[in-house]
Amino acid sequence: MKVELRGKTAKIEGYVNVCERNSRPINSERGAFIERIASGAFTRALNRNDNVGLMFNHVRPLGNQKEGVLELREDSIGLYAVATVTDPEVIEKAKNNELRGWSFGFVKKADEWKTEDNTEVRTLTDFDLLEVSILDITPAYIATSISTRNNTTELIEHRASAVVDDVQVVEITEAPQEKRSDDFNVDFKNIVEKLRGKE
């Protein structure tokens with residue numbers, strides 16, 4: 001995660017998730033399993049939803065794609081996000097180097113299970129991407145919640161980076177602009193006018 005601070009705005013960018021990479025073991029009712037996101041799954045999700053929300057810790061909304069606050073794309077590595085944040089709390093957390101990484105919330109549409117080296121492996125091949133979160137807490141890789149959408153009860157799953165991101169914070173301060181030559185000319189004219197008024 002890279003954070004660029006400029007006045008009262010923070011530009012935060014980085015990979016939310018790397019596709020085709022195995023997660024840490026996840027404990028569930030069916031036992032421990034490994035999970036990976038299939039390449040192309042984020043692209044399909046973004047094609048279905050062009051207004052993914054940006055949140056802070058999956059709780060507080062910070063904006064969405066249509067407001068110009070969040071850009072998302074899947075490339076050859078995974079889901080890449082660029083967020084422009086003006087929220088004072090998030091900016092203060094960034095200044096204090098307290099941001100910890102990314103997470104995302106989704107509803108599964110399709111997955112595949114198989115056994116590799118005596119371990120269950122789940123590959124998420126299709127899902128609805130609901131939101132991307134900036135975190136200031138050490139992310140648990142897996143979390144779930146229940147929600148009702150379109151009169152249907154759904155299991156919303158949250159995933160974070162398996163390892164806390166290396167967060168790089170850069171603060172950019174605007175240097176005072178040097179006076180242009182025409183500014184000096186105006187100053188000179190003003191001085192001459194003042195002197196003439198004293199004659």
Side-chain angles (χ1 to χ4, degrees), residues 1-4 11-59 62-65 69-85 99-147 149 154-169:
M1 175 184 274
K2 179 183 174 186
V3 181
E4 183 180 282
K11 181 180 178 184
I12 303 171
E13 60 183 299
Y15 282 98
V16 178
N17 186 273
V18 175
C19 295
E20 303 294 344
R21 183 176 71 179
N22 287 348
S23 70
R24 297 181 306 211
I26 299 170
N27 292 316
S28 72
E29 293 177 357
R30 64 184 287 163
F33 67 95
I34 300 292
E35 186 175 77
R36 68 175 71 108
I37 308 290
S39 293
F42 283 113
T43 297
R44 285 188 288 278
L46 293 171
N47 287 340
R48 277 195 301 270
N49 181 8
D50 64 352
N51 196 27
V52 175
L54 176 67
M55 301 188 80
F56 185 48
N57 292 331
H58 297 293
V59 176
L62 299 173
N64 55 51
Q65 286 179 289
V69 175
L70 179 65
E71 298 172 34
L72 294 169
R73 70 178 184 274
E74 180 181 347
D75 60 19
S76 60
I77 296 172
L79 180 64
Y80 195 83
V82 179
T84 304
V85 180
L99 298 182
R100 295 290 174 259
W102 299 94
S103 184
F104 65 99
F106 68 96
V107 174
K108 179 206 77 173
K109 292 178 73 69
D111 60 5
E112 298 171 355
W113 290 87
K114 62 181 180 179
T115 303
E116 295 178 3
D117 298 324
N118 297 318
T119 303
E120 289 278 313
V121 177
R122 177 196 194 194
T123 302
L124 285 160
T125 56
D126 200 13
F127 49 83
D128 287 333
L129 182 61
L130 306 180
E131 52 93 5
V132 167
S133 275
I134 298 166
L135 304 176
D136 76 337
I137 52 176
T138 300
Y141 179 74
I142 184 169
T144 57
S145 61
I146 303 293
S147 178
R149 187 174 60 151
E154 297 175 316
L155 178 68
I156 298 176
E157 300 181 66
H158 298 148
R159 297 294 185 269
S161 299
V163 178
V164 175
D165 286 351
D166 177 22
V167 180
Q168 301 171 342
V169 180

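Everything numeric here is computed off the predicted structure, so don't read it as measured data.
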**Student:** Could you check whether any side-chain heavy atom of I37 comes within less than 4.5 Å of a side-chain heavy atom of F106, counting everything from C-beta outward?
**Tutor:**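 Of all side-chain heavy-atom pairs linking F106 with I37, none is under 4.5 Å.
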**Student:** Sequence neighbours left out, what passes salt bridge (charged side-chain N to carboxylate O under 4.0 Å, His left out) with R48? Give chain and number order.
**Tutor:**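 Once residues adjacent in sequence are excluded, the partners of R48 under the salt bridge (charged side-chain N to carboxylate O under 4.0 Å, His left out) criterion are D126, D128.
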**Student:** Has T84 got a side-chain atom pairing as donor or acceptor with K11's backbone, closer than 3.5 angstrom?
**Tutor:**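 Such a contact is absent between T84 side chain and K11 backbone.
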**Student:** Are any of the side-chain heavy atoms of K109 and R44 separated by less than 4.5 Å?
**Tutor:**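 Counting from C-beta outward, K109 and R44 never come under 4.5 Å.
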**Student:** Specify the closest pair of heavy atoms between A45 and F127, including all atoms of both residues, with the distance to one decimal.
**Tutor:**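 Scanning both residues, the minimum pair turns out to be CB-O, 3.3 Å.
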**Student:** Return the minimal non-hydrogen interatomic distance between N49 and N51, and the atom names on each side.
**Tutor:**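 Residues N49 and N51, closest heavy atoms: OD1-N, 2.9 Å.
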**Student:** May I ask you to say whether E112 pairs ionically with K114, meaning some side-chain N is under 4.0 Å from a carboxylate O?
**Tutor:**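 Not counted as a salt bridge, because no side-chain N and carboxylate O are separated by less than 4.0 Å.
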**Student:** Supply the atom-to-atom distance I134 CD1 to L62 CG, rounded to the nearest 0.5 angstrom.
**Tutor:**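 Between atom CD1 of I134 and atom CG of L62 there are 5.5 Å.
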**Student:** Donor-acceptor pair, T115 side chain versus N118 backbone, under 3.5 Å?
**Tutor:**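 No, the answer is negative, given that no donor and acceptor are paired below the 3.5 Å cut-off.
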**Student:** Report the residues that fulfil salt bridge (charged side-chain N to carboxylate O under 4.0 Å, His left out) with D117, sequence neighbours left out, ordered by chain and then residue number.
**Tutor:**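 Expected list: none.
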**Student:** Is there a side-chain contact between L79 and L46 (heavy atoms, below 4.5 Å)?
**Tutor:**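 Sidechains of L46 and L79: in contact.
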**Student:** List the residues meeting salt bridge (charged side-chain N to carboxylate O under 4.0 Å, His left out) with E131, not counting sequence neighbours, and say none if there are none.
**Tutor:**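 With neighbours one apart ignored, the set is empty.
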**Student:** Apply ring-ring contact (aromatic ring centres under 6.0 Å, His included) to F56 and list each qualifying residue two or more places apart in sequence or on a separate chain.
**Tutor:**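 Listed in chain order: nothing, the list is empty.
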**Student:** Hey, could you give me the CZ/CD1 distance between R21 and I77, rounded to the nearest 0.5 Å?
**Tutor:**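 Going from the CZ atom of R21 to the CD1 atom of I77 covers 10.5 Å.
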**Student:** Are K108 and L155 close enough that some pair of their side-chain heavy atoms sits under 4.5 Å apart?
**Tutor:**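 No. Closest side-chain heavy atoms not under 4.5 Å.
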**Student:** Any idea which heavy atoms bring L130 and V52 closest together, and the distance?
**Tutor:**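 Where L130 meets V52 most closely, the heavy atoms are O-CG1, 3.8 Å.
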**Student:** Between K2 and E13, does any NZ, NE, NH1 or NH2 come within less than 4.0 Å of an OD or OE carboxylate oxygen?
**Tutor:**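 No salt bridge links E13 with K2.
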**Student:** E71: which residues meet the salt bridge (charged side-chain N to carboxylate O under 4.0 Å, His left out) condition with it, sequence neighbours left out?
**Tutor:**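 Expected list: none.
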**Student:** Show the numbers, then the answer: is there a side-chain hydrogen bond (donor to acceptor under 3.5 Å, both in side chains) between S133 and H58?
**Tutor:** CA-CA 6 Å; S133 275; H58 297 293; 3.2 Å; yes
**Student:** Is a donor on one side and an acceptor on the other found under 3.5 Å between the side chain of N57 and the backbone of D136?
**Tutor:**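 Present.
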**Student:** Applying side-chain contact (heavy atoms from CB on, under 4.5 Å), can you list everything that pairs with I34, at least two apart in sequence or on another chain?
**Tutor:**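 Result, side-chain contact (heavy atoms from CB on, under 4.5 Å) vs I34: N22, S23, P25, T119, V121.
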**Student:** If you take all heavy atoms of E35 and I26, which pair is closest and at what distance?
**Tutor:**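 Minimum heavy-atom separation between E35 and I26: CB-CD1, 3.9 Å.
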**Student:** Would you say the side-chain atoms of T125 pair up with the backbone N or O of A110, donor to acceptor, closer than 3.5 Å?
**Tutor:**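 Indeed, once roles are kept as given, a pair shorter than 3.5 Å links the two residues.
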**Student:** SG of C19 to CZ of R36: how many Å apart, nearest 0.5 Å?
**Tutor:**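 Taking SG in C19 and CZ in R36, the distance rounds to 11.5 Å.
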**Student:** Do L72 and F42 make a side-chain contact, defined as non-hydrogen atoms from C-beta onward lying under 4.5 Å apart?
**Tutor:**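 Not touching, per the 4.5 Å side-chain cut-off.
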**Student:** Compare every heavy atom of W102 with every heavy atom of A83, then report the nearest pair and how far apart it is.
**Tutor:**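 Nearest heavy atoms, A83 then W102: CB-CH2, 4.3 Å.
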**Student:** Within the 4.5 Å heavy-atom criterion, are E74 and S39 side-chain neighbours or not?
**Tutor:**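 They are in contact (side-chain heavy atoms under 4.5 Å apart), so the answer is yes.
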**Student:** Return the minimal non-hydrogen interatomic distance between E157 and R122, and the atom names on each side.
**Tutor:**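 Scanning both residues, the minimum pair turns out to be OE1-NH1, 3.0 Å.
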